[in-house]
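We number each residue from 1, following the sequence as shown. Indexing begins at 1, ligand by ligand and atom by atom, following the structure's order.
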Amino acid sequence: MEVILAEHAGFCFGVQRAVDTVYEQIEKKKADGSLIYTFGPIIHNEEVVGDLQERGVRVLDSLADAGEVPKGKRGTVIIRSHGVEKAVCESLKEMGYEVVDATCPFVKRIHNIVEKESAAGKSIVIVGNAGHPEVEGIKGWSASATYVVESVEEAENLACSPGEELCIVSQTTFNYKKFQDVVEIFRERGYNGSVVNTVCNATEVRQAEARELAARVDVMIVIGGNHSSNTRKLYEICRQECEMTYYIQTLDDLHLKLPESVRLVGITAGASTPNNIIEEVQNYVRINF
Ligand code: F3S
């Protein structure tokens, strides 16, 4: 039986880079024993965060949290891939932390655009979810009026003045089609300004690849956390193409009884599933079937 692993299963480039940064910092700081923190959990995966905790990495949930750490224990803070507001970086430095910025370069690009365009006098429109840390971070790089809209209705009802020049960007994980629909509303409303497509295609690529793989195989295994919405979405996509699709969190959940006719097994994983779990599952299926 053959096992095929989707090329883009698991971490996207930005998350992988942020997780790698934490492990690199652990190695670097071993010698002088200085402490390492991440600003918010580096990734929504309990196993990874637990492993880092065992290696001494602590999570700071807010600036208030950072301020409570005694001065002598303020080591290195790693900014995760979502990025943070400019003021957060500055405050951390003022508190005496060394800041290591693992903001995904695609998110950093948005910060740079927003900083530049707002300084030039444009108002910023972020198409995305106002409560998402990435959007909060992007907002914090704007020096002018900043609006967050998540839907066509919100774009229709946004109270900005007709003469206002806008720069429209999007949250990286926003659906591209929905982004276009929102942009269209601003066009219809007659606003001037620029539109920068800042949607990252990592999610789309992972989903398209999962669909294509699921259509080819006899059995499909989707690995990811129970609460991971992007894993659930992957599962639904695969299930449409392949009836024998299994959703598991770790190898422990895998109780496969495969019929003799099964020749091809496909594996994919959600954006916060670490490589070692994917490898474990892959090896298990290879050896046991
Ligand atoms: Fe990942 Fe960066 Fe895209 S964190 S989803 S590669 S914007």
Side-chain angles (χ1 to χ4, degrees), residues 6-25 38-45 47-49 52 59 77-86 88-89 99-116 124-142 148 150 167-180 182 195-211 222-225 227-235 237 268-275 277-278:
E7 198 188 326
H8 294 91
F11 292 177
C12 63
F13 152 80
V15 167
Q16 184 68 59
R17 185 173 166 274
V19 172
D20 289 348
T21 303
V22 183
Y23 284 98
E24 277 161 29
Q25 287 295 321
T38 59
F39 200 76
I42 198 78
I43 180 175
H44 287 293
N45 181 284
E47 293 210 14
V48 176
V49 174
L52 291 173
V59 176
V77 185
I78 300 159
I79 306 297
R80 56 187 175 173
S81 57
H82 291 323
V84 290
E85 296 92 316
K86 190 177 184 181
V88 168
C89 279
V99 176
V100 172
D101 190 1
T103 304
C104 173
F106 300 134
V107 178
K108 195 69 222 158
R109 174 176 168 245
I110 310 178
H111 293 175
N112 294 340
I113 294 168
V114 165
E115 194 176 28
K116 190 169 151 240
I124 304 295
V125 175
I126 307 166
V127 185
N129 177 327
H132 193 283
E134 181 193 318
V135 173
E136 284 173 7
I138 296 170
K139 239 173 125 178
W141 288 82
S142 171
V148 181
E150 200 176 3
C167 168
I168 306 175
V169 296
S170 90
Q171 183 181 343
T172 55
T173 46
F174 205 76
N175 178 285
Y176 180 58
K177 167 83 179 61
K178 280 199 204 161
F179 173 65
Q180 281 177 314
V182 168
V195 176
V196 192
N197 169 17
T198 50
V199 172
C200 168
N201 68 359
T203 312
E204 238 172 88
V205 169
R206 190 184 302 106
Q207 289 177 358
E209 203 187 36
R211 177 176 288 116
V222 182
I223 317 165
H227 304 292
S228 157
S229 57
N230 79 84
T231 311
R232 182 143 298 280
K233 179 88 191 155
L234 274 182
Y235 170 75
I237 289 171
T268 189
S272 42
T273 309
N275 277 340
I277 296 185
I278 303 173

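Shown are Val100, Asp101, Ile42; of these, the side chain to side chain contact (heavy atoms under 4.5 Å, CB included) with Thr21 is made only by Val100.
Between the choices Gly83, Cys12, Ala271, Pro105, the shortest heavy-atom distance to atom 1 (Fe) of ligand 1 belongs to Cys12.
Judged by distance alone, with hydrogens and angles left aside, the side-chain atoms of Asn201 form no donor-acceptor pair with the main-chain N or O of Glu204 at under 3.5 Å.
For atom 6 (S) of ligand 1, the nearest protein heavy atom (residue, atom name, distance) is Gly14 N, 3.5 Å.
Residue contacts to atom 1 (Fe) of ligand 1: Cys200 brings no N, O or S atom closer than 2.8 Å.
Listed by atom number, the atoms of ligand 1 under 4.0 Å from Cys104 heavy atoms are 2 (Fe), 4 (S), 6 (S), 7 (S). Taking every non-hydrogen atom of Thr172 and a distance limit under 4.0 Å, the qualifying atoms of ligand 1 come out as 7 (S).
The shortest distance between side-chain heavy atoms of Thr172 and Thr198 does not fall below 4.5 Å. Gln171 has its side chain within reach of His132: a pair of non-hydrogen atoms, C-beta onward, lies under 4.5 Å apart.
Closest non-hydrogen pair, His111 versus Gly83, comes out as CE1-CA, 4.1 Å.
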